[in-house]
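To start, the structure itself, in structure tokens.
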Amino acid sequence: MPFIPHTEQETAQMLDAIGVQNIEQLFDEIPQALRAKGLGDIPAGLNELEVTRLINQRARQDQPLICFAGAGAYEHHIPAAVWELATRGEFYTAYTPYQAEASQGTLQLLYEYQTMMSNLMAMDVSNASLYDGASALAEAVLMAVRANRKSKSKRILMSTTVHPNYRRVVKNIVSNQGIELVELDYCTECGQIVVDSLAQYEGKDYAALVIPQPNFFGSLEQVDQLTDWAHRNEMLVIGVVNPMAMAVIVPPGEWGEQGADIACGEGQPLGIPLSWGGPFYGFIACKQKQVRQLPGRIVGRTVDLDGMRGFVLTLQAREQHIRRSKATSNICTNQGLMITASTIYMSLMGAEGLERTAMLCHANTAILVEQLIAIDGVEKLFDAPCFHEAVIRLNQPVVPVLSKLAEAGYLGGFELADDYAELNNTLLVCATEMRHRDEIVAFSQAFAQALR
Amino acid sequence: MPFIPHTEQETAQMLDAIGVQNIEQLFDEIPQALRAKGLGDIPAGLNELEVTRLINQRARQDQPLICFAGAGAYEHHIPAAVWELATRGEFYTAYTPYQAEASQGTLQLLYEYQTMMSNLMAMDVSNASLYDGASALAEAVLMAVRANRKSKSKRILMSTTVHPNYRRVVKNIVSNQGIELVELDYCTECGQIVVDSLAQYEGKDYAALVIPQPNFFGSLEQVDQLTDWAHRNEMLVIGVVNPMAMAVIVPPGEWGEQGADIACGEGQPLGIPLSWGGPFYGFIACKQKQVRQLPGRIVGRTVDLDGMRGFVLTLQAREQHIRRSKATSNICTNQGLMITASTIYMSLMGAEGLERTAMLCHANTAILVEQLIAIDGVEKLFDAPCFHEAVIRLNQPVVPVLSKLAEAGYLGGFELADDYAELNNTLLVCATEMRHRDEIVAFSQAFAQALR
Amino acid sequence: MLIFEQSKANRFNRAQQPGEAVDLNKIPTEFRRQQSAEMPAVSELQAVRHYTRLSQKNFSIDTHFYPLGSCTMKYNPRACNSLAMQANFLGHHPLTPASHGQGFLQCVYELQEILKEATGMKGVSMQPMAGAQGEFAGLAMIRAYHDTRGDEGRTEILCPDAAHGTNPATAIMCGYTVCEIPTGDDGDVDLEALKAVVGPQTAGIMLTNPSTLGVFDRNIKEIANVVHAAGGLLYYDGANLNAILGKVKPGDMGFDVIHINLHKTFSTPHGGGGPGSGPVGVGERLLPFMPVPVVAKTDSNYRWLTEKDAPQSIGRLSANMGNSGIVLRAYIYARMLGREGMERVADYATLNANYLMVKLIEAGFEVALPERRATHEFIVTLKKLTKETGVSAMDVAKRLLDYGYHAPTTYFPLIVPECLLIEPTETESKEEIDGFVAALLAVKQEAYEDPDKVKSAPHTLPVKRLDDVRAARKPDLRWQATEKQKG
Amino acid sequence: MLIFEQSKANRFNRAQQPGEAVDLNKIPTEFRRQQSAEMPAVSELQAVRHYTRLSQKNFSIDTHFYPLGSCTMKYNPRACNSLAMQANFLGHHPLTPASHGQGFLQCVYELQEILKEATGMKGVSMQPMAGAQGEFAGLAMIRAYHDTRGDEGRTEILCPDAAHGTNPATAIMCGYTVCEIPTGDDGDVDLEALKAVVGPQTAGIMLTNPSTLGVFDRNIKEIANVVHAAGGLLYYDGANLNAILGKVKPGDMGFDVIHINLHKTFSTPHGGGGPGSGPVGVGERLLPFMPVPVVAKTDSNYRWLTEKDAPQSIGRLSANMGNSGIVLRAYIYARMLGREGMERVADYATLNANYLMVKLIEAGFEVALPERRATHEFIVTLKKLTKETGVSAMDVAKRLLDYGYHAPTTYFPLIVPECLLIEPTETESKEEIDGFVAALLAVKQEAYEDPDKVKSAPHTLPVKRLDDVRAARKPDLRWQATEKQKG
Ligand SMILES: Cc1ncc(COP(=O)(O)O)c(C=O)c1O
Ligand SMILES: Cc1ncc(COP(=O)(O)O)c(C=O)c1O
């Protein structure tokens, strides 16, 4: 049996010590009628050689496409050291650091992560991870409803420029508690929310306004005006942001007069591979005064019996294992290993590395868009400034074009029409720092070809 | 600059402390006339993203062929744990354990390796590695010349069934010391050395006889008879063996009445990837009484000040860093990391795992040969029993056949004619446990195709 | 030292930086960050050395016996990691068309099938990213089910008092109220109490079986009948599936919906707190409500089913398809085990737990339910020790660390005083278990002979006993540039 | 515990075993092993845990400052490892035809070119598997050169007394006798002494420059002239190339043949003792004798040159092409550095060494050659300390371990009493160097105040001071099944 160390003799000794004849007897409290008749449909076991052959063959089948898609998941360079360190057994096979003294590695790392993420967001505190960007936004919404003492409405203003799947997830999660999401239309010319269009919501009771930065179209929102508008109307502000962008773009903590109240988003751009969409991680950060509403694990610094610095899980009274039905969230297992990787990533990149990477993504996307709109039948859609994604409109349906590009080895972008009926024949494209100029040129040629 | 941590300010502080204006001044003892004019021909540096792109592209160019070749390097399954552990920084970036107390990890592992290798060879002691199988045989020959007090001849009987490259390497190394290699012919029918043919060498002075097991043709030599013959003639016996085969085949320590005196060979089959031929490692083991003639690092058990067990490099008086020109060898840096991997490999496999693997290699090769000789124009050449390689003869030149097979995605084997003029149109083939039966069948079909 | 304390202004790790600092010329200054975020500025070697050394401060499965009850800290085969981390898996954007991802989709599909067979459910979705999110998906499906039938007024979820904290927390998150059911003295749910509270307001019950007390609830069929009769549904918290794999299936016990913790039973890594994966399985009735996406197979073609294909679905709970890479690891593990291997998991997890329990009883420890079989775990209560020596379960836990063993789960379930919940798992050897018994016995002796030594433990770890209270009273959650102090 | 001590008869690690035990029916019993080799019989978890824990007992670059003189313990970029360990490189049998290995061959070829440029040599072969084998190849070429010219009677190799042990050992291995040349008080080779011994019997001289004393021999041109005039050739031991990369080239100094330690200057891993790689470079005269195989380029096609292409070659020294995987790592490293990066290596290696030397002098340590510039390393002699306190260089080295620093090289070169050869390398930060100075100073103070503490160091490592003498007197080189004792 793989992974079971017992010799027959030991098994016999152990049964003997217990005082039973065989292992079967240990299951004698299970009503006989319920006993399973085996696991017949499951294939027989494979040894490592065999499973390696199988999985390698599956992997070979799936050669990745050269990626010009973003839409919430971004291909960035990940230094080799990141995963060589993160998969060290001591990180990989530990669990939630319940025994702090035996988990100082993970705990200190999480404290460092909280610092890095708070700094990147210009917020006071960060937790130690949520599941992913979408569920983090759901938690942020729940948190805002709890935290906004002035609001009784359980209503949230949600920009339609937020990732469509994020909006779905938030709805799927929070509507069970009777929270209502009111969707804000964006300006179809500029591809962002225009503050002037919000007059209709003034003076009504909303718990929070959700602002994406950059938004799903890659456009930069006018976060200062939006934040101030929301605060004037006694809403909290939730920023849902791309952390890589925050290296060069005004971070949530600095939006408007007072800054956003909650910052959250998808941590994947910071050292996490695309990996078919997961595991990624959600981050969430807030102002000091809301820390006790923050969901999830939080690590704090303290001292030991000798007065030496050490780290522990703290503020656990917010959590399900202590507070049960009164917890701020049900989250227990989070995305720890991803944080390990992300923390190492940020350490290796430093502020300068993140900034240069962000800038190069921006520049590459600008070149990409330039090349694409030079093609007959392609135009750029919105005029708000972009970070590293942009929407283009084709003179023909998108699906066949994407198929042809896939055949040519490219992931050509994200078709928007499914989620935005008004955006027929449009495509969201992206070129991170990973895309060499030559690749962008070759892609543009393939694109022109596919349009013919 | 990659990998240099100094800030400009620190550099300035350091220069200041030294009392120089700039770094250049630190090189002022180098005669000006000799100063280099730069490294103009070397390309500019790449960051990790760029070098990753470059190397991945080189790697993609070189899809490995499905391997039916052995000839000294064998594709075996390597458990994932082997290299995940061996490349841990603590193993990967330590050096020779000169400071024993700070190197107990490496030292204990080497002691465990010495035990495993001695046991596998049924010899008393093993060193902690030499460069590779070929150079290990050269060291074994030098050792035998030193160790055989009865012989004055500096002549060695070397079977021509030893790997041709090993024979070349041995010659290239030992002939500088005036050692002469006398090559023994093999029996062209059975593909092994026949003891009866050795009468001509009796009563003459040879320091040692080198016996391969299995030999280069994959055939098993009559090691008992050969060993006893050599000992009767006051030669030492050097066995050069495949360690995987030793799991199921009589090991050198048990050859004949007294066993071989020195066992050596290539450690690659024990957990080391093919990797274009290196790094592999050479092993060497001997009887207790010759231990002070053994070249290379040796780890010994001892105690610390508290009487607790610990491990140190020992018998260093044999080595170049102590004995300089009187050392048993010039070897210093050896193949430590490969030993780390190999030790973990053997621990994960256990005796049973090695035996089953060896058996499956044998069985697969038997099937392979069966399938191949069923093809018109292919016959098996030798009738000695084989381990996991065999020689076949084709009815046509081998080179074009190998080219066609390579086009079909196969490494078809090793052509013998270059090294053995009498073996025209012959091919040495191998199928390890890695070859699925389906692959063997498909290969045989491709082979038949290529012969047409 | 924190990584920030090794930081130096203007230190760059050039190998990781794009050479040219491109200008953000297309972005108006009002959008641009004015001051760089404070991040570590260290060399690559400094970072590598720092995190290598930090890692060594952890206990982990790869370094220590880790009998953390309810968490199933078993061996994580390294092959599951290295095979899942191949470039061809890691390189796939979630938008990759199914045509270019048949290899991956087949793995997901086959794991869905394996989990169905292992649990006796009719459908499985990999969407939830951990157990608690699986619970959420389950309750959301229960809600959707009642709603669809127009069965209103079912506002309450029943939970045993021994339940894991995620259960009641999830119920609240899903808009329910929680009604706690007491546990009987024999460790099974108090059936009479259950009958007393079940009613038309009952949306469902959340149960772990084997329970968090480490026993198999023998009345499970009756519980199912009672709840079903009242119109409620049964949710199975699969955290303890390791104990019964191949022995009894949640579907056969009468559960309508379940989650499975892949990071427990299917040995995906715990990663210092995650990522997990909490697939949900459903019976016939809840099939239409399963979260999307799931993988379907038509002929030999695999594809994603999404909201469009499943209009009654509770939808998605992650932006993508959940923790794919974890699903892949679980699939590899499941294929290595195969059907016989899975049954052996339950066999040996149970053997190890019962053996360890018996040995501890022999050593004079009091177990919570001595008349019952242990499942894959069991509870020791130290209330006598605490009373006699002042040494608490927490103290014992800390002292065990000095002996080189990770502590069991402490103070959970909440209903047993001074308890240790001990789960050895099937991958630990008899020698390791014997060593653990000896250590626990040694600590017990110390508690009587030198209680202060135990109360001030640990003594040999990188830090001494840490002050939790201080941490919570004056939360210091982030390093501030101004301090620059050493430690 | 040794892995053997965790072994249990009949324990199998099934995941790693072919399922069927095939019969060796084609092999007559006389050839078959009768009794299984004694090997560990442990579970996969036991093995993983054992070797993970063992690894933690090592000091290494990734965990500690490691200023081991002459060894260049610099940061090994992890990318060099992970890129070189891709399946498409690891999967190649050495017999792969060049047509299917152009990617790999190009890497080797380009590294040959890079090394030629870096050293000023005319040809480079990657064949030797470490420095010592490079030395062997070099001397074998010198021998072949003289032989080819019929220049007989050149039987002697000159070596400075400060030379690394491999140099004289190699000379002997190559069939030469060795003549030692003394070092002058200023650290350069004693030129008069050299002139006195050079002659028609001189085959060549082996020199390290910078020397193992950490200084650059200023008379190198003159040495070259003297030896060349006598008909001898000059061998350059490239172990110290890190100090002069881009500053001065061995070819320009007059060397005819050199080796380069890729595991030093080109940052391939030291791996607990190897594998290294010791490419040789040659000037015009020795080109025909280079070991094979080397990679040649015709148009844009790469191929191996073997004995057939190079009939005068000294041939091969390994069964294949040397340590390919190491060559690949060095190539990746070289490409990351590029030309500017390489010069910076010498700059900062030298800056660090000189700064450290100055700081130690300030702290009251005696350096062997205070009047000289340090190169990338330098020597401290503790003979005064030893005389005054009885604390030896070895004791200081051991005590440094307690402070978290790997010790410098001790007692080498042999000509300086109680010496520490200290090489910080360019990848260590000023902070790390300052910390090291503080530690060495603290140890010095301890030596005066509490010499026994230093003499009995280390105190905080997994073992206390180990008894080398006992190990050598009663060699115990292998665990024997009969003992089964613990430890
Ligand atoms: C009994 C029980 N239920 C639920 C959970 C929650 O699972 P997760 O941590 O994966 O969210 C856990 C584990 O933490 C558990 O032990
Ligand atoms: C000066 C010097 N020469 C030669 C060598 C031998 O090199 P290697 O250990 O690679 O054989 C070394 C290193 O060990 C050295 O320091």
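Throughout, protein chains are lettered first and strands after them, A, B, ... in sequence-line order, and every chain is numbered starting at 1. None of the values given here were measured: they were computed from a predicted structure.
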- Task: Counting only heavy atoms closer than 4.5 Å, note whether Pro18(D) contacts chain B via side chain, backbone, both or neither.
- Result: both

- Item | Residue part contacting chain B, namely of Val248(D), when any heavy atom lies under 4.5 Å | both

- Phe12(D) and Arg356(B): side-chain contact (heavy atoms from CB on, under 4.5 Å), yes or no, with the steps? CA-CA 12 Å; Phe12(D) 307 118; Arg356(B) 288 192 177 195; over 6 Å; no

- Task: Kindly say whether Gly353(B) contributes a backbone atom to a donor-acceptor pair with the side chain of Gln16(D) at under 3.5 angstrom?
- Result: no

- Query: In terms of heavy-atom pairs under 4.5 Å with chain D, which of Phe414(B), Tyr281(B), Phe387(B) leads?
  - Reply: Phe414(B)

- Might you point out which heavy atoms bring Arg60(B) and Asn88(D) nearest each other, and give the distance in Å? CA-ND2, 3.9 Å

- Message: For Ala102(B) versus Leu401(D), what's the shortest heavy-atom pair and its separation?
- Response: CB-CD2, 3.9 Å

- Option in Pro251(B), Ser329(B), Ala33(B), Gly19(B) with maximal non-hydrogen atom pairs under 4.5 Å from chain D: Pro251(B)

- Item | Toward chain B, the part of His50(D) with a non-hydrogen atom under 4.5 Å | side chain

- Item | Evaluation steps, side-chain contact (heavy atoms from CB on, under 4.5 Å), between Glu29(B) and Arg372(D) | CA-CA 8 Å; Glu29(B) 291 190 1; Arg372(D) 302 291 306 268; 2.7 Å; yes

- Honestly, the part of Ala15(D) sitting under 4.5 Å from a heavy atom of chain B is neither

- Item | Toward chain B, the part of Arg316(D) with a non-hydrogen atom under 4.5 Å | both

- Going from CD1 on Ile55(B) to CD on Gln86(D), what distance comes out if it is rounded to the nearest 0.5 angstrom? 8.0 Å

- Which bit of Met129(D) comes within less than 4.5 Å of chain B, counting heavy atoms only: side chain, backbone, both or neither? both

- Query: Rounded to the nearest 0.5 Å, how far apart are NZ of Lys221(D) and CG of Leu34(B)?
  - Reply: 6.0 Å

- Rounded distance [0.5 Å steps], CG in Leu54(D) versus CD1 in Ile344(B): 9.0 Å

- Message: Looking at every heavy atom in both Leu348(B) and Asn13(D), which two are closest together, and how far apart are they?
- Response: O-ND2, 2.9 Å

- Selection from His362(B), Gln61(B), Glu319(B) maximising heavy-atom pairs under 4.5 Å formed with chain D: His362(B)

- Polar contact flag, side-chain donor to acceptor under 3.5 angstrom, Glu426(D)-His6(B): no

- Query: Which bit of Leu15(B) comes within less than 4.5 Å of chain D, counting heavy atoms only: side chain, backbone, both or neither?
  - Reply: both

- Query: Checking Ile298(B) against chain D: side chain, backbone, both or neither under 4.5 Å from a heavy atom?
  - Reply: side chain

- Query: At a heavy-atom separation under 4.5 Å, does Val299(B) approach chain D through its side chain, its backbone, both, or neither?
  - Reply: backbone

- Message: Between Thr106(B) and Asn58(D), is there a side-chain donor-acceptor contact under 3.5 Å, judged purely by atom types and distance?
- Response: yes

- Item | Best-contacting candidate, Asp124(B), Thr333(B), Leu402(B), against chain D by heavy atom pairs under 4.5 angstrom | Thr333(B)

- Note on the structure: In short, Trp276(B) meets Ser324(D) closest at the heavy-atom pair O-OG, 3.0 Å

- Tell me, for Asn47(B) versus chain D, whether the close heavy atoms (under 4.5 Å) come from the side chain, the backbone, both or neither. backbone

- Message: For the CZ atom of Arg58(B) and the CD atom of Gln106(D), what is their distance to the nearest 0.5 Å?
- Response: 3.5 Å

- Message: Strictly distance-based, threshold 3.5 Å: is any side-chain N or O of Arg35(B) a donor or acceptor partner for the main-chain N or O of Lys247(D)?
- Response: yes

- Message: Given heavy-atom pairs under 4.5 angstrom as the criterion, report whether the side chain, backbone, both or neither of Ser456(D) touches chain B.
- Response: both

- Greatest number of heavy atom pairs closer than 4.5 Å to chain D - which of Thr11(B), Asn176(B), Thr96(B): Asn176(B)

- Message: Taking side chain as everything from C-beta outward and backbone as N, CA, C, O, which of these in Asp467(D) sits under 4.5 Å from a heavy atom of chain B? Side chain, backbone, both or neither.
- Response: both

- State whether a side-chain donor-acceptor pair under 3.5 Å links Ser36(D) with Glu355(B). yes

- Query: Which bit of Lys359(D) comes within less than 4.5 Å of chain B, counting heavy atoms only: side chain, backbone, both or neither?
  - Reply: side chain

- Heavy-atom side-chain contact between His100(D) and Leu411(B) under 4.5 Å: no

- Message: Tell me if a side-chain donor or acceptor on Arg339(D) pairs with a main-chain N or O of Leu39(B) at a distance below 3.5 Å.
- Response: no

- Message: Rounded at 0.5 Å granularity, tell me how far CG in Leu466(D) sits from OG1 in Thr302(B).
- Response: 6.5 Å

- Item | Side chain / backbone / both / neither for Ala118(D) at chain B, heavy atoms under 4.5 Å | both

- Message: Taking side chain as everything from C-beta outward and backbone as N, CA, C, O, which of these in Ala247(B) sits under 4.5 Å from a heavy atom of chain D? Side chain, backbone, both or neither.
- Response: backbone

- Message: Using only atom types and a distance under 3.5 Å, with no angle test, would you say the side chain of Thr115(B) pairs donor to acceptor with the backbone of Trp479(D)?
- Response: yes

- Contacting region of Tyr75(D) [heavy-atom separation from chain B under 4.5 Å]: side chain

- Item | Side-chain donor or acceptor of Asn119(B) paired with backbone N/O of Glu38(D) under 3.5 Å | yes

- Please report the shortest heavy-atom distance between Thr427(D) and Phe3(B), naming the atom on each side. CG2-O, 3.2 Å

- Item | Between His321(B) and Phe412(D), ring centroids under 6.0 Å | no

- Region of Phe104(D) in contact with chain B, defined by heavy-atom distances below 4.5 Å: both

- Query: Is it the side chain or the backbone of Gln133(D) that comes within 4.5 Å of chain B heavy atoms, both, or neither?
  - Reply: both

- Task: Inspect the contact between Arg301(B) and Asp476(D) and indicate whether a charged nitrogen and a carboxylate oxygen are less than 4.0 angstrom apart.
- Result: yes

- According to the interplanar angle, ranging from 0 to 90°, do the rings of Tyr95(B) and His270(D) count as parallel (below 30°), tilted (30 to 60°) or perpendicular (above 60°)? perpendicular

- Task: Name all residues meeting the side-chain hydrogen bond (donor to acceptor under 3.5 Å, both in side chains) criterion together with Arg465(D); count only those two or more places apart in sequence or in a different chain, and write none if there are none.
- Result: Asp395(D)

- Message: Looking only at side-chain N and O atoms, does Glu10(B) offer a donor or acceptor that is under 3.5 Å from a partner on Tyr355(D)?
- Response: no

- Message: My understanding is that only residues two or more places apart in sequence, or in another chain, count here; which of them pass side-chain hydrogen bond (donor to acceptor under 3.5 Å, both in side chains) with His92(D)?
- Response: Thr96(D)

- Assert top hit (heavy-atom pairs under 4.5 Å, partner chain D, pool Ala69(B), Ala327(B), Gly178(B), Ala317(B)) equals Ala69(B)

- Least distance between heavy atoms, Ser318(D) atom then Ala134(B) atom: C-CB, 4.3 Å

- Heavy-atom distances under 4.5 Å only: say whether Thr63(D) touches chain B with side chain, backbone, both or neither. side chain

- Message: Rounded to the nearest 0.5 Å, what separates atom CD in Glu30(D) from atom CG in Asp224(B)?
- Response: 7.5 Å

